[in-house]
Amino acid sequence: MKVLLTGFQPFGKDTMNPSFEAVKLVPDEILGAQIVKKEIPVVFRKGGAVVAQAVREEKPDIVILVGQAGGRTAMCPERVAINIEDCAPSFPDNEGNAPQGETIAEDGPAAYFTTLPIKAMVQKMQENGVPAIVSNTAGTYVCNDLMYHLLHLLHTEFPNVRGGFIHVPYATVQNYPKQPSMTIEEMAKGLRLSIEAAIEHEKDLKIAGGATH
Ligand code: PCA
């Protein structure tokens, strides 16, 4: 079995992105599966093209994309990606793009649900002391864009490949004193546990993982 695991380059004012730093610390083999790692540019559409090329070249069984979500308090496996790119002109991507309500795929549905067992992943992380919660929005910036591109690709061309996205909080080393954070090592542990859960559970657990608001 092969798992493609990606993290992002730094963006905005940040000089590091904990997502790829954590990805780099994940073992290269987990439960007998080979883990292939890739760094993704924080650029609308281009990130999706890089992932698509990696999927075509590597032929993974599972794809897990990872990105930073500053302000989150826990590891956040994402439930859904939506067919929209929308960001403030004051916060463009790394090539200056700031789409304001563009459709990602004209021929795609409004949204795709993850095909990863996100509840099993959250449960396994929690049981092993890593803060984790199901997230019901990946935003409308480059992370959502990447997740949507991946799920559109898998749905249309690779129906047997499972994939999805995990947002991580700021890293403690980034030193945002008023923001919640985790260490990169803790994030890497959470990613390893998530990969184990994805290998162990082809179908997700029937347990609650929703939110009232
Ligand atoms: N986080 C951004 C894009 C890159 C990243 O790590 C996001 O949540 O959209």
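Counting starts at 1 for both ligands and their atoms, in listed order. Sequence positions, counted from 1, serve as the residue numbers for this chain.
With contacts defined as side-chain heavy-atom distances shorter than 4.5 Å, the pair N97/K46 does not qualify. Annotation: side chain of H152 is in contact with side chain of D107 (closest heavy-atom distance under 4.5 Å).
Ionic pairing of E186 and K189 is not present here: no N-O contact between side-chain nitrogen and carboxylate oxygen is shorter than 4.0 angstrom. For the pair K2 and E57, the salt-bridge criterion is not met [side-chain N within less than 4.0 Å of a carboxylate O]. We find that K38 and E58 are not joined by a salt bridge, their nearest charged nitrogen and carboxylate oxygen being 4.0 Å or further apart.
Under a 4.0 Å heavy-atom criterion, Q9 is not in contact with ligand 1.
Near H167, meaning under 4.0 Å from one of its heavy atoms, ligand 1 places the atoms 7 (C), 8 (O). For ligand 1 and Y141, the ligand atoms under 4.0 Å from any heavy atom of the residue are 2 (C), 3 (C), 7 (C), 9 (O). If you number the atoms of ligand 1 from 1 as listed, the ones under 4.0 Å from a heavy atom of F8 come out as 4 (C), 5 (C), 6 (O). If you number the atoms of ligand 1 from 1 as listed, the ones under 4.0 Å from a heavy atom of G67 come out as 6 (O).
At least one N or O atom of N17 sits closer than 3.5 Å to an N or O atom of ligand 1. For Q68, a nitrogen or oxygen atom sits less than 3.5 Å from a nitrogen or oxygen atom of ligand 1, counting backbone and side chain alike. On a distance-only criterion, N144 and ligand 1 share no N/O pair closer than 3.5 Å.
In terms of hydrophobic clustering, with Ile, Leu, Val, Met, Phe, Trp and Tyr side chains grouped at heavy-atom distances under 4.5 Å, L151 and I166 are assigned to different clusters.
A side-chain donor-acceptor contact under 3.5 Å links Q68 and Q174.
Scanning all protein heavy atoms for the shortest distance to atom 3 (C) of ligand 1 gives C143 SG, 3.3 Å.
Contacts between D145 and ligand 1 below 4.0 angstrom, taking non-hydrogen atoms only, are absent altogether.
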